[in-house]
There are 2 protein chains.
Amino acid sequence: MKDVAARAGVGLKTVSRVVNGEPGVTPDTVQRVQSAIEALGFRRNDSARVLRKGRTASVGLVLEDLADPFYSSLSRAVEEVARDHGSLLFTGSSAEDPEREQELALAFCARRVDGLVIVPASQDHRYLQPEIAAGIAAVFVDRPAEQLEADAVLTDNAGGVREGVTHLIRQGHRRIAFIGDQRRIHTAGERLRGYRETMADAGLPVDESWVSMGPTAAERVQAEVTRMLQGPEPVTAVFAGNNRVSVTALRVLVNQPRPVALVGFDDFELADLLSPAVTVVAQDPARLGRTAAQLLFRRLEGETGPPQRLELSGRLIVRGSGEVAG
Amino acid sequence: MKDVAARAGVGLKTVSRVVNGEPGVTPDTVQRVQSAIEALGFRRNDSARVLRKGRTASVGLVLEDLADPFYSSLSRAVEEVARDHGSLLFTGSSAEDPEREQELALAFCARRVDGLVIVPASQDHRYLQPEIAAGIAAVFVDRPAEQLEADAVLTDNAGGVREGVTHLIRQGHRRIAFIGDQRRIHTAGERLRGYRETMADAGLPVDESWVSMGPTAAERVQAEVTRMLQGPEPVTAVFAGNNRVSVTALRVLVNQPRPVALVGFDDFELADLLSPAVTVVAQDPARLGRTAAQLLFRRLEGETGPPQRLELSGRLIVRGSGEVAG
DNA sequence: CTGAAAGCGCTTACAG
DNA sequence: CTGAAAGCGCTTACAG
């Protein structure tokens, strides 16, 4: 910039004005500065700019796995909102590892992102307290913050499961399995709660052998589903706690002699093309992301007030697998 | 930092040493500085750091659509490599819009990313010349740079299609459709070339009504496949130019009275669970991303030499839909 | 309309 | 082992 000023024979401030398109410069001067910029191949260094101004016009997104279709849709939505607000987006996957979440979030903070959107992996978000105190906005999405009062945008997990399980009960099922993700994950716990409450409300007992919580690795899910289909009183329906469970459960059910009903949490591509097509309780990941990002930018624009918790509802999509009679 | 120094009663440089874990500070002094840091809630500002040091320890990734499973796998792989090198990742979707690609790439450059990984949407990458001259490394992935000599990591698209089409010919098909993406997209052109060459090598004529290039919107693909299945001499097999085309084609084929063979470019989740399961020529998006990112970091570590073009091969996965006899 | 000075928060030589 | 000075490349008041 100094070189540009020298070459154009003007002051530093004038170059700054031209570069930023500020008014109050003679067209003639603008011209001279422009030529100098081109001749020298000048490119403004935004790091220096950031140092002087408060905002960096960037936000950070920490999520579970960028390669998971659910989170990649969410990311894309966050990206669009950030773009609308002139912000760039840092992304990072925590891989469900609390330390990695913290590492990423703090690294983004050290770069002085204006705000963070976080899908929590950690059980304790107090490490963000100093950052938030220093003015970085944080919105949690898909799961709430732990040990920290903060904005959160969630799906009504228990309510969604309630819809799905009620649907199975209406088809005549009594012995309904619930296969979910690890208990410590907030969404998994909420979904399990939805299942238990619905069964209780319908006056149906739950045999603990019908419930299985743990990693969604195919081997585990496959073993559990297989086990539940054996014995004198096998389950006649399966509620799958997320899309990964659904897919694995489906692979098992397809090979069963008698039909078993399936309803899954989360929609997934091609669910309608499978046979039977899969009935699901769909979340809207793009809407989750969009809502969270919009809330974040409202905070950045100065909206104060207590932390908000927004809940989006799930939607039952009937396709066939959930309508197998019990 | 100044405040920390004052409070600890030491010089600025000493604080810097402690913050960066540099040697040459008495444990006693370290202790005092640490307490001051905690008391003041000090957080190092990496923007200032970046301004002094050369590197920003960040890279930018511009791709087509973060929500597309192909690109989200690629992103995740780039992210992992960046992480291994201590770098953060900016991501942005061009949505196949050349201007948006340029906007994103230049915005990343203004933030002084160390390097860029780009899935091109633009037909002219000369706009990056000044950035590259200024020391920003750039590696193109999935598609090569246009009008610019640069590193690129690609799939052997023509070769992959050759494998798939040869497979169909072996099953006895003669009238094989090719439905691809827009012609201006490099990969689409290469795949079409693979199709034409394979047909020619087998001595099979290509009726131009069997070839359709254009947007992968479901409506267009559906109309084209339907059209090709009509008339006295309909096609007996379809080669789908990418995963989106495959899915739509499949929806049409499922409703046909007589079986029609299908081979698709790109693998996709659940392809094996459909009936028939879909035979594909699979790319490895994670490997594309990893390879590109590794090349980028090698450049950043000082590897010189002419631009490289790496080609990964596709892999035919036989599942059923491609084995329908012709 | 234009510019010189001060400062954002750090690091890099350099000196003690 | 420790620190004062200069500077990274910009912007923010302020003065002309």
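When reading the values below, keep in mind they use all heavy atoms of this one structure, side chains included, and skip hydrogens, waters and symmetry mates. Every chain is numbered from 1, with letters handed out A, B, ... down the list of sequences.
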Which whole-number value in Å describes the distance from [X] [atom1] to [N] [atom2]?
| X | N | atom1 | atom2 | value |
| --- | --- | --- | --- | --- |
| B/Met1 | C/dG7 | CE | C1' | 16 Å |
| B/Leu51 | D/dT11 | CG | C1' | 12 Å |
| A/Arg111 | C/dG9 | CZ | P | 18 Å |
| A/Lys53 | D/dG9 | NZ | C1' | 14 Å |
| B/Arg55 | C/dT11 | CZ | C1' | 17 Å |
| A/Leu12 | C/dG7 | CG | P | 16 Å |
| B/Asn45 | C/dG7 | CG | P | 18 Å |
| B/Asn20 | C/dG9 | CG | P | 17 Å |

If you look at every strand shown and take non-hydrogen atoms under 4.0 Å, does [X] touch a base, only sugar-phosphate, or nothing?
| X | result |
| --- | --- |
| A/Arg43 | sugar-phosphate |
| A/Asp46 | nothing |
| B/Thr29 | sugar-phosphate |
| B/Lys13 | base |

Nearest-nucleotide pick for [X], side chain only, options being [options]:
| X | options | answer |
| --- | --- | --- |
| A/Val10 | C/dT2, C/dG3, D/dC10 | C/dG3 |
| B/Arg44 | D/dC10, C/dT11, C/dG9 | C/dT11 |
| B/Thr14 | D/dG7, D/dT2, D/dG9 | D/dT2 |

Plane angle bin for B/His125 and B/Phe140 - parallel if under 30°, tilted between 30 and 60°, otherwise perpendicular: perpendicular
Under 3.5 Å donor-acceptor pair, B/Arg52 side-chain atoms to C/dG9 base atoms: no
Donor-acceptor pair (no angle test) under 3.5 Å: B/Arg49 side chain, C/dG9 base: no
Matching residue for B/Arg299 among B/Thr304, B/Asp151, B/Asp114 - test: side chain to side chain donor-acceptor pair (under 3.5 Å): B/Asp151
Option from A/Asp142, A/Asp65, A/Thr91 for which side chain to side chain donor-acceptor pair (under 3.5 Å) with A/Tyr71 holds: A/Asp142
From OG (B/Ser122) to OH (B/Tyr127), nearest 0.5 Å: 5.5 Å
From B/Thr291 atom OG1 to B/Leu296 atom CG, the distance as rounded to the nearest 0.5 Å: 12.5 Å
Position toward the 5' end of DNA chain C (nearest nucleotide), B/Lys2 or A/Arg17: A/Arg17
Toward the 5' end of DNA chain D, by each residue's nearest nucleotide, B/Pro23 or B/Ala48: B/Pro23
Residue met sooner reading DNA chain D from 5', once B/Val30 and B/Arg112 are mapped to nucleotides: B/Val30
Crowding at CD, B/Glu311 (>12 non-hydrogen neighbours, <6.0 Å): yes
Nucleotide paired to C/dA4 in any strand shown, Watson-Crick or G-U, under 3.5 Å: none
